[in-house]
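Take a look at the structure below.
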Amino acid sequence: MRKKPTIALMYDFDKTLCDQDMQNYTFIPNLGMTPAEFWGRVESYRKKNYMEGILGYLYCSIKMCEEKGIDVTKEYLRSTGKDIRFYKGVLNWFERINLYGESIGVNIEHYVISSGIKEIIEGSEISNRFKKIFACQYLFDEDGKAVWPKIAINYTQKTQYVFRISKGVYDETENKKVNDKVREREIPYQNMIYFGDGITDIPCMTLIKKQGGVSIAVYQKGEKNKVTDLLLDDRVNYICSADYQEGGDLDSLVKCIIQEKALTHKLQLKQREQRRRESKNQTSGT
């Protein structure tokens with residue numbers, strides 16, 4: 001057991017850190033469409049062709065851009081992330097929580113686990129705050145244009161990234177290590193906090209909660225009813241307004257959770273050392 005614990009804060013992105021789907025800010029307006037028109041067309045196409053939801057929207061995004069003469073490159077996708085609007089307090093949240101962790105002897109790491117597009121997140125103002133961004137990715141041809149989804153992360157597949165973070169297996173093409181049995185995890189499940197906004201996060205929220213970590217469902221002002229059932233159904237530990245400002249409920253809650261986990265870690269270290277001394281004394285006595 002490490003003397004300094006690491007706590008992983010894992011976030012869904014859309015409607016968890018920002019107030020709507022990441023495509024809604026710039027990507028969809030560039031197509032001359034409203035979000036309702038875009039997502040409606042995606043839904044119709046995928047149902048007509050019996051497509052999985054995430055693969056459906058990734059494919060339709062390329063086709064709709066082709067219709068408008070837009071080349072879907074990494075650079076283009078990143079450019080559509082610059083206008084993403086975040087909830088209050090998000091921009092200084094990461095540094096603030098990191099500093100709090102340092103003040104009580106805890107290392108904090110931040111991760112994204114999203115069904116959105118990785119390059120759009122990379123173009124956002126907070127992309128450098130994360131140790132790793134797990135999100136959908138395209139395969140790009142020799143001209144740098146997107147031709148097909150190479151990584152698609154749907155709602156249940158998100159859970160594999162919890163396992164990867166726990167074991168420190170960040171290479172998404174590495175399938176053996178993520179399934180290997182390990183004696184000591186890089187980050188134990190009980191040192192994980194998952195932030196999501198609703199039903200699409202249930203698999204991760206349930207997994208983290210059952211394994212001794214903490215799941216938090218955040219909601220926009222006036223939309224508490226969207227996450228209340230998650231608490232009543234025992235799928236999350238807490239629900240909280242999506243206000244990340246210092247001194248707010250979410251800020252205070254997360255700091256309390258980090259402090260509790262830091263104290264638990266210290267107690268476990270003391271107990272382990274005590275057992276080691278007792279074992280040593282018994283051996284000496286014989």
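Any value given below was found using the heavy atoms of this structure, including those in side chains, with hydrogens, waters and symmetry copies removed.
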[X] [atom1]: over 12 foreign heavy atoms closer than 6.0 Å:
X: K82; atom1: NZ; result: yes
X: N179; atom1: CG; result: yes
X: K74; atom1: NZ; result: no
X: I70; atom1: CD1; result: yes
X: E95; atom1: CD; result: no
X: K226; atom1: NZ; result: no

Do [X] and [Y] have side-chain atoms, one donor and one acceptor, less than 3.5 Å apart?
X: R235; Y: T206; answer: no
X: T173; Y: N175; answer: no
X: Q23; Y: D21; answer: no
X: N98; Y: H110; answer: yes
X: D12; Y: Y155; answer: no
X: E75; Y: S79; answer: no

Keeping the roles fixed (side chain from [X], backbone from [Y]), state whether a donor-acceptor pair exists under 3.5 Å.
X: E37; Y: T34; value: yes
X: E174; Y: K176; value: yes
X: Q220; Y: E223; value: no
X: S127; Y: G123; value: no
X: S215; Y: M205; value: yes
X: E52; Y: I54; value: yes
X: Q157; Y: N154; value: yes
X: K167; Y: D180; value: yes
X: S44; Y: R41; value: no
X: R85; Y: Q20; value: no

The test is side-chain contact (heavy atoms from CB on, under 4.5 Å); show your working for I257 and I7 and say whether it passes.
CA-CA 10 Å; I257 294 169; I7 296 178; over 6 Å; no
**Request:** Evaluate the side-chain contact (heavy atoms from CB on, under 4.5 Å) criterion for residues V162 and M192: first the C-alpha distance (whole Å), next the side-chain angles of each, then the deciding distance (0.1 Å), finally the verdict.
**Result:** CA-CA 9 Å; V162 174; M192 292 181 161; 3.8 Å; yes
Approximate separation, where rounding is to 0.5 Å, of [X] [atom1] and [Y] [atom2]:
X: C65; Y: D71; atom1: SG; atom2: CG; answer: 9.0 Å
X: I258; Y: I193; atom1: CD1; atom2: CD1; answer: 5.0 Å
X: N237; Y: L230; atom1: CG; atom2: CG; answer: 11.5 Å
X: I28; Y: T80; atom1: CD1; atom2: OG1; answer: 10.0 Å
X: T159; Y: I208; atom1: OG1; atom2: CD1; answer: 9.5 Å
X: F27; Y: S61; atom1: CZ; atom2: OG; answer: 4.0 Å

Side chains of [X] and [Y]: does their closest heavy-atom pair fall under 4.5 Å?
X: F86; Y: S124; result: yes
X: F94; Y: L9; result: no
X: T6; Y: E186; result: no
X: L31; Y: F38; result: yes
X: W148; Y: F140; result: no
X: F130; Y: Y111; result: no
X: W93; Y: Y87; result: no
X: S115; Y: F13; result: no

Can you see which heavy atom on [X] is nearest to which on [Y], and at what distance?
X: A8; Y: I187; value: CB-CD1, 3.8 Å
X: V42; Y: C60; value: CG2-CB, 3.8 Å
X: A135; Y: I151; value: O-CG2, 4.0 Å
X: K118; Y: I133; value: CE-O, 3.5 Å
X: K4; Y: V106; value: CE-C, 3.8 Å
X: Y45; Y: M51; value: CE2-SD, 3.6 Å

Between [X] and [Y], is there shared hydrophobic-cluster membership here, with clusters defined by ILVMFWY side-chain heavy atoms closer than 4.5 Å?
X: L250; Y: Y194; result: no
X: Y138; Y: M22; result: yes
X: I108; Y: L17; result: yes
X: I121; Y: Y161; result: no
X: I239; Y: V218; result: no

(message) Using the rule given for side-chain contact (heavy atoms from CB on, under 4.5 Å), can you reason through Y57 versus R46, listing the C-alpha separation, both sets of side-chain angles and the distance that settles it, and then say yes or no?
(response) CA-CA 8 Å; Y57 100 74; R46 79 168 192 86; over 6 Å; no
Partner of Y25 under side chain to side chain donor-acceptor pair (under 3.5 Å), picked from D83, D19, N30, is D19
So the salt bridge (Lys or Arg N to Asp or Glu O under 4.0 Å) pairs with at least one residue in residues 98-116 (sequence neighbours excluded) are E109-K131
Ion pair check, [X] and [Y], cut-off under 4.0 Å:
X: K209; Y: D234; result: yes
X: D201; Y: K158; result: yes
X: K88; Y: D243; result: no

task: Please test K150 against E172 for side-chain contact (heavy atoms from CB on, under 4.5 Å), starting from the C-alpha separation and ending with a verdict.
output: CA-CA 11 Å; K150 70 175 182 181; E172 290 151 285; over 6 Å; no
Next item on the list: If the plane angle is over 60° it's perpendicular, under 30° parallel, otherwise tilted; pick one for Y189 and F163.
Entry: perpendicular
